[in-house]
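In what follows, chains carry the letters A, B, and so on, assigned in the order in which the sequence lines appear, proteins first and then strands, with residues in each chain numbered from 1. Just so we're clear, the structure is a prediction, and the values are computed from it rather than from any experiment.
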Number of protein chains: 2
Amino acid sequence: MTQTDLDVAPKLGRRRDPSLDGTILDATLDVLAETGYDGMTIDMVAARAKAGKATVYRRWTSKPELVLDAVACMKYKDVDLSSLPDTGTLRGDLVAMIKPPSIRDSERKLKVMAGIVSMLTRSPELADAAYDALVAPRAAANRVFFQRAIDRGEIPADADIERLCMIGPAMASYRTLMLRKAVDREFLISVIDGVILPAAGVTATA
Amino acid sequence: MTQTDLDVAPKLGRRRDPSLDGTILDATLDVLAETGYDGMTIDMVAARAKAGKATVYRRWTSKPELVLDAVACMKYKDVDLSSLPDTGTLRGDLVAMIKPPSIRDSERKLKVMAGIVSMLTRSPELADAAYDALVAPRAAANRVFFQRAIDRGEIPADADIERLCMIGPAMASYRTLMLRKAVDREFLISVIDGVILPAAGVTATA
DNA sequence: TATATACGGTACTGTGGAGTTCCGGATATC
DNA sequence: GATATCCGGAACTCCACAGTACCGTATATA
C-alpha cells in the first residue's frame with residue numbers, strides 16, 4: 001500500500017473512513033477506463049467518488065501513485081484459482097468462463113489497459129502492476145485448464161501451454177483496442193472453437 | 001490532406017520546401033512511438049525534424065491535425081497488395097512476410113498504436129485513420145494468402161478468413177503492448193505453426 | 001535591386017490541470 | 001464541552017504546453 005501514516009494512528013479526532021479508499025480507487029478505474037490516463041483529472045475522480053480533492057490527496061501523494069494503486073488493486077478482485085470451473089473437457093472449461101459478470105469484468109479491464117498502455121513505457125512500476133493485475137490472472141486460469149487437458153490425454157503432452165494461454169486474451173485485446181468491437185459471447189465461442197481448440201490439437205469434435 | 005492553401009500558390013517569395021512535410025510527419029511518428037500522444041509536444045517534433053515550431057504550424061493548424069495526418073500517411077508506406085510473395089503454400093506465404101524490414105516496420109506501427117490507443121475513444125477520425133493505416137493493410141495481405149489457400153484446396157472452403165486474418169496481428173499486438181516482449185522471427189514462426197495453420201485447418205505437415 | 005514569402009529560433013500569451021490551503025461542518029477521544 | 005482530525009468543497013498557486021508573434025536570414029519572383 002501507499003500510505004504508511006496509519007500505523008502511528010491518531011488517538012484524537014475523527015477517523016478516516018476506510019471504505020473511502022475502495023470508493024476512490026474504484027472511481028479511479030472508472031475514469032481511467034473512460035478517458036485514459038492523461039485525460040483523467042483528480043477532480044473527475046473526486047467527483048465520481050463524491051469526495052473532495054483534498055481527501056484524495058490525503059491518501060495518495062500524487063496522480064501516478066493513485067493510478068498505480070488502483071491498477072494493482074484489480075489483482076485482488078479476480079477469480080481465485082481454487083474455484084475454477086471443472087467440467088471434464090477443455091472446451092467445457094473454457095466456455096464455462098464466459099459469464100456475463102466475467103465478460104463485464106474483462107471489458108472494464110481491457111478499457112483500463114487501453115487507458116494506460118501509453119504509460120507503460122514511461123513507468124516500469126505501472127507496467128509490472130498492469131501485468132500482475134490484467135495479464136497474469138487470466139493466463140494462470142487458462143494454464144490450469146490446459147494442464148488438466150494434458151493430464152486427461154485430451155491434448156498432446158508437448159502442447160505449448162504458455163502460447164495457448166495467450167490466444168484468448170490476445171484475440172480479445174485486439175478486438176477491443178484495435179477493432180473497437182464488443183467482445184461478446186458469440187465472438188469468444190468462435191475463438192475457442194475456431195482458434196484455441198485447433199491450436200491445442202483437440203481432435204475435432206462439435 | 002490538411003492544407004488547401006497551396007492551390008493558390010504564391011508567385012512571389014521563397015517557396016515552401018515540399019520535403020519538409022514528410023520530414024515533419026516522420027518525426028511526429030517517431031515522437032508518437034516514443035512518448036505517446038499526450039507526452040508528445042510540438043517542440044519535440046520540431047526539434048526532431050530540425051525545424052522551427054512556426055514551420056509546423058504553418059502547415060498544420062493544430063496538434064490533433066498533425067497527428068491525424070501522420071497516422072493517415074502510414075497507410076501509403078505499406079506493402080502493396082500487387083507485390084505479395086506467392087510461394088505456393090500458405091505456410092510459405094506467411095513465413096515469406098517475415099523479413100527484417102517488415103518486422104521493424106510492424107514494430108514501429110505497434111508502438112505508434114500504443115501511443116494513440118487512449119485517443120481512439122476521444123477521436124473517431126483518428127480511430128478511422130488508425131484502422132486504415134495499421135489494421136486494414138495487414139488484414140488485406142493475409143486475406144489474399146488465405147483465399148489462395150482455399151482456391152488451392154489447401155484449407156477448407158468454409159474457413160472463416162476474417163477471423164484467421166486477425167490471429168497474427170492479435171498475437172503480435174498482445175506480445176508488444178501487454179507482455180512487452182519483442183516480436184522476433186522465432187515468435188512469429190511459432191504463431192504460424194502453432195496457432196494460425198492449425199486454426200486454418202491445414203492437415204499437419206512440417 | 002525591390003518585394004514577398006519561408007526558414008530556424010526565441011520570446012511571448014493563454015489555459016488547463018496538478019497539487020495546496022483554507023473553510024464550515026461532522027465525528028471521534030478525553 | 002474541549003480538542004483534534006476527517007469530511008466535501010471552493011479558491012488558490014504553479015507550471016508545462018498549445019498556439020502566436022516577431023526577428024534575422026535565406027530564397028524566390030519581377
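Of the N and O atoms on the side chains of A:Thr23 and A:Asp26, not one donor lies less than 3.5 Å from an acceptor on the other residue. Judged by distance alone, the side chains of B:Ser19 and B:Asp17 do bring a donor and an acceptor atom under 3.5 Å apart.
For B:Arg58 and C:dC7, the shortest distance from a side-chain N or O to OP1 or OP2 is below 4.0 Å.
Spacing between atom CG of B:Leu20 and atom C1' of D:dT27 amounts to 14 Å, rounded to whole angstrom units. Protein atom CZ of B:Arg48 is 18 Å distant from nucleotide atom C1' of C:dG8, rounded to whole Å. Here D:dA18 presents its C1' atom at 13 Å from CE of B:Met44, a figure rounded to the nearest Å. If you take CD1 of B:Ile42 and C1' of D:dA18, they are 8 Å apart, rounded to a whole angstrom. Summarising the geometry, the separation between CG on B:Leu12 and P on D:dT29 is reported as 9 Å, rounded to the nearest angstrom. Here the C1' atom of nucleotide D:dA10 and the NZ atom of A:Lys50 are 20 Å apart, to the nearest Å. As rounded to whole Å, 13 Å separates atom P of C:dA11 from atom CG of B:Asp43. Between the CG atom of B:Asp38 and the P atom of C:dG16 there is a distance of 15 Å, given to the nearest Å.
A:Met40 comes within 4.0 angstrom of sugar-phosphate atoms only, judged by non-hydrogen atoms across all strands, and of no base. Nucleic acid contact for B:Asp17: sugar-phosphate only, since backbone atoms but no base atoms lie under 4.0 Å from a heavy atom of the residue. Across all strands shown, B:Ala54 has heavy atoms under 4.0 Å from base atoms, whether or not it also approaches the sugar-phosphate.
For B:Phe187, the CZ atom sits in a packed shell: over 12 heavy atoms of surrounding residues, nucleotides or ligands are nearer than 6.0 Å.
If you check C:dG19, D:dA30, D:dG8 against the side chain of A:Tyr57, the one that comes closest is C:dG19. Taking every side-chain heavy atom of B:Arg16 into account, C:dA6 is the closest of D:dA18, C:dA6, D:dG8.
Judged by distance alone, with hydrogens and angles left aside, the side-chain atoms of B:Lys109 form no donor-acceptor pair with the main-chain N or O of B:Val135 at under 3.5 Å. A donor-acceptor pair under 3.5 Å is absent between the side-chain atoms of B:Arg143 and the main chain of B:Ile161, judged by distance alone.
In terms of position on DNA chain C, the residue among A:Ser62 and B:Thr55 whose nearest nucleotide sits closer to the 5' end is B:Thr55.
For B:Arg14 against C:dA6, a side-chain N or O and a base N or O form a donor-acceptor pair under 3.5 Å. Between the side chain of A:Lys53 and the base of C:dG19 there is at least one donor-acceptor pair of N/O atoms closer than 3.5 Å.
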